Amino acid sequence: MRNQEVSRIFAAMADILAIKSASVHRIRTYRRASENVASLGRPIDELWGADQLDTIPGIGKTLASKIDELMRTGRIEAYQKLKAEVPAGVVAMLQIPGVGAKRVALFWNTLGVTTVDDLAQAARDGRVASLPGMGARSQEELLAGIEMLGRRTDRMLLGIAWPLARDMLGALREAPGVVRAIPAGSLRRRRETVGDLDLLVAAEGPDPDGAAIARSVMDRFCGLPQVAEVLLSGITKSSIRTHDGLQVDLRVLEPARWGTALQYFTGSQAHNIRLRSIARERGLSLSEYALQRDDGSQILCATEEQVYGALGLPYIPPELREDRGEIMAAQNGRLPQLVQIEDLLGDLHMHSTWSDGHQSLLEMARAAQAHGLSYAVVADHTWSLGVVRGLTADRLRAQRHAIAEANRELGGGFRLLAGAEVEIRADGSLDFPDEVLAELDVVVAALHSGLRQSREQVTSRVLGAIRNPHVDIIAHPTGRLIGEREAADLDMEAVFQAAAETGTALEVNSWPKRLDLRDAHVRRAIELGVMLSVGSDAHHGSGFSDLAYGVATARRGWATVADVVNVWPAERLLEWTSRPGAS
DNA sequence: GCCGTTTTCGGCCCGACTGTTTTCAGTCG
């Protein structure tokens with residue numbers, strides 16, 4: 001799987017071309033190609049093998065031939081040439097906040113600096129301030145930016161960023177004149193990680209242009225307890241840095257322009273560029289403030305539906321706005337009806353104090369019920385995972401009695417189903433024999449060890465589990481932990497095909513750190529006819545709220561209710577687990 | 001470099017903020 005390698009090379013080529021002052025459109029082409037390859041969801045090697053590289057959006061003849069060259073020879077001559085032209089240390093200067101390609105070229109060409117350290121020294125010597133367009137102030141900013149490089153934070157998990165945004169917005173809602181306050185940007189699109197937060201506030205007040213109200217909201221924002229540093233503060237836009245290093249941008253606008261503003265600040269950039277092209281075709285110019293006709297008259301949009309409507313499109317849910325075909329789907333009336341959190345009737349993956357959970361069966365059941373579910377599968381770990389007190393066959397049977405008792409206690413309003421999160425062991429076997437699995441309502445199987453095995457080994461383990469007639473769901477299939485652990489080196493195409501054949505569901509695990517399957521895999525799985533289970537993996541009653549992240553990930557993969565098994569009532573689910581060939 | 005109801009050339013989104021500037025260039029999203 002060489003998607004990341006191709007993506008990285010194209011991004012690097014874009015950087016170098018920018019420093020060389022190539023056409024901005026050509027540079028953008030490389031960046032877009034880089035992003036599209038990274039979010040492909042299937043191995044680029046396969047597309048290459050099938051001579052289908054040109055089916056990737058933004059990949060034409062030239063880039064396809066470069067990928068082909070990489071696959072055949074292991075290198076891209078044009079990339080090697082570019083790298084030889086611009087020293088790596090010069091390219092690295094692009095990472096400095098406030099420094100773009102033009103300034104990098106300026107520093108390199110006039111000061112002769114070829115590393116960030118050299119550049120810092122030049123700034124300390126005062127040589128930067130004398131450059132055209134630079135001054136004492138920008139020299140200071142440059143040094144501060146270089147300083148920042150060292151303590152830059154990684155992208156933040158969705159599950160951490162979301163509550164942070166919620167808290168900040170809660171405080172802003174109390175400011176006078178604020179009528180709406182929500183997160184925009186990648187957070188609203190529910191990307192698995194976010195690089196910054198974009199907050200959007202609609203405010204109105206007594207003064208005609210709303211400037212005083214906007215100012216007061218900005219002041220409140222810059223004074224929030226989370227703020228470590230104010231980066232910039234204008235009348236429509238302010239940026240701060242939080243104590244944990246996350247940049248947060250706030251925009252304030254009038255309610256009448258909410259639709260265009262929300263649409264614009266939600267992005268993605270690629271989606272917006274495409275949308276604005278469509279506007280141009282209709283003689284309109286789209287900005288965050290309005291749709292403007294050629295004669296200068298404006299169409300104000302208070303809702304996003306109006307924005308899309310004016311462009312002849314239905315509303316496109318934020319999770320789809322990545323320029324991955326959603327606009328064409330919208331034009332053709334083929335947008336998917338995405339699954340919603342309210343559609344989930346059950347959760348097929350939760351734990352209790354019987355293994356490593358923190359609450360009893362009854363407590364977990366009541367928490368699930370409080371989250372709007374009507375059933376949940378008790379899927380505690382099994383004995384091979386000794387560190388979490390995994391269940392032996394005897395304890396598993398004892399647990400079934402406890403589940404029956406809990407169900408009596410719960411009355412008819414909620415139902416616990418008997419299951420287990422069975423280990424797929426390093427040798428490929430499951431840690432319970434078929435006759436034990438056959439006694440369970442739902443069997444979840446998962447990898448927890450041996451994740452670094454060879455592609456052949458680890459893939460064959462998962463395929464074996466999928467083909468076991470008792471196994472209903474594969475939990476967190478790739479085992480990745482975002483920012484901590486790479487996914488196992490699985491042949492995902494083979495996994496999807498086997499799961500589609502056997503009717504085994506693949507989980508979209510809702511833990512913010514997992515989100516596994518990830519969005520691109522969800523989309524590919526659906527294309528191949530795989531059923532999904534959005535699982536909370538809750539170890540505590542509060543864990544069911546993570547389902548929102550799992551649903552968001554499924555939505556980013558274009559999942560509808562028809563693709564998800566836990567939208568079914570318990571009876572239908574049980575029919576499915578006892579399907580032909582299943583236990 | 002890509003792409004096509006503007007179709008093989010000539011387009012390619014739009015605006016805020018900042019600093020160094022007397023009208024703009026660079027960066028960012």
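What you see is a predicted model, and the numbers here were worked out from it, not measured in a lab. All chains are named by letter (A, B, ...) in the order of the sequence lines, taking the proteins before the strands, and each is independently numbered beginning at 1.
Between dC12(B) and dT18(B), the two C1' atoms lie 27 Å apart (nearest whole Å). dG15(B) and dG10(B): their P atoms are spaced 26 Å apart (whole Å). dG11(B) and dA16(B) have their C1' atoms separated by 26 Å, given to the nearest Å. dC3(B) and dC13(B): their P atoms are spaced 14 Å apart (whole Å). To the nearest whole angstrom, the two P atoms, one in dT20(B) and one in dC14(B), are 30 Å apart. Distance noted for atom P between dC17(B) and dT23(B): 22 Å (whole Å).
The distance from atom CD1 of Ile278(A) to atom C1' of dC13(B) is 12 Å, rounded to the nearest whole Å. With rounding to whole Å, Asp54(A) atom CG is found 14 Å from dG1(B) atom C1'. The distance between atom NZ of Lys61(A) and atom P of dG4(B), rounded to the nearest whole Å, is 13 Å. As rounded to whole Å, 12 Å separates atom P of dA16(B) from atom CG of Leu253(A). We find that CZ of Arg282(A) is positioned 11 Å from P of dT6(B), with the value rounded to whole Å. Separating the CZ atom of Arg28(A) from the P atom of dG10(B) is a distance of 19 Å, rounded to the nearest angstrom. Per the geometry, CZ belonging to Phe265(A) stands 12 Å off C1' belonging to dC17(B), to the nearest Å. Remark: P of dC14(B) and CD of Gln298(A) are 14 Å apart, rounded to the nearest angstrom.
Looking at every heavy atom in both residues, Asp196(A) comes nearest to Leu246(A) through CA-CD1, 4.1 Å.
For dC14(B), neither phosphate oxygen OP1 nor OP2 lies less than 4.0 angstrom from any side-chain nitrogen or oxygen of Tyr289(A).
When the nucleotides dC13(B), dC2(B), dC17(B) are ranked by their closest atom to the side chain of Leu232(A), dC17(B) comes out on top. For Glu141(A), the listed nucleotide lying nearest its side chain is dG19(B); candidates were dC17(B), dC2(B), dG19(B). Here the side chain of Arg280(A) is nearest to one of dG1(B), dT6(B), dC14(B), namely dC14(B).
Remark: Asp198(A) does not engage Arg188(A) in a salt bridge, criterion side-chain N to carboxylate O under 4.0 Å. Salt bridge Arg215(A)/Asp219(A): present, at least one basic N to carboxylate O contact under 4.0 Å. With respect to the salt-bridge test (charged N to carboxylate O, under 4.0 angstrom), the residues Asp125(A) and Arg127(A) qualify. The residues Glu493(A) and Arg524(A) are annotated as salt-bridged, a charged nitrogen and a carboxylate oxygen being separated by less than 4.0 angstrom. Between Glu192(A) and Arg480(A), at least one side-chain nitrogen of the basic residue sits less than 4.0 Å from a carboxylate oxygen of the acidic one, meeting the salt-bridge criterion. Using a 4.0 Å cut-off between charged nitrogen and carboxylate oxygen, Arg189(A) and Glu322(A) count as a salt-bridge pair. Between Glu85(A) and Lys83(A) there is no salt bridge, since no side-chain nitrogen of the basic residue lies less than 4.0 Å from a carboxylate oxygen of the acidic one.
Take the nearest nucleotide of DNA chain B for Ser277(A) and for Ile56(A): the residue whose nucleotide is more 5' is Ile56(A). Looking at which nucleotide of DNA chain B each of Ser287(A) and Ser23(A) is closest to, the 5′-most match is held by Ser23(A).
In this structure, dC9(B) and dG4(B) make a Watson-Crick or G-U wobble pair, each of the two defining distances being under 3.5 angstrom.
No contact: Leu275(A) has no heavy atom under 4.0 Å from any strand. Nucleic acid contact for Ser285(A): sugar-phosphate only, since backbone atoms but no base atoms lie under 4.0 Å from a heavy atom of the residue. Here Arg32(A) lies out of heavy-atom contact (under 4.0 Å) with every strand.
Around the CD atom of Glu486(A), the shell of radius 6.0 Å holds no more than 12 heavy atoms that belong to other residues, nucleotides or ligands.
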Task: Base-contact (B) and sugar-phosphate-only (S) positions in nucleotides 20-29 of chain B, heavy-atom cut-off under 4.0 Å, - elsewhere - done: S-----SSSB
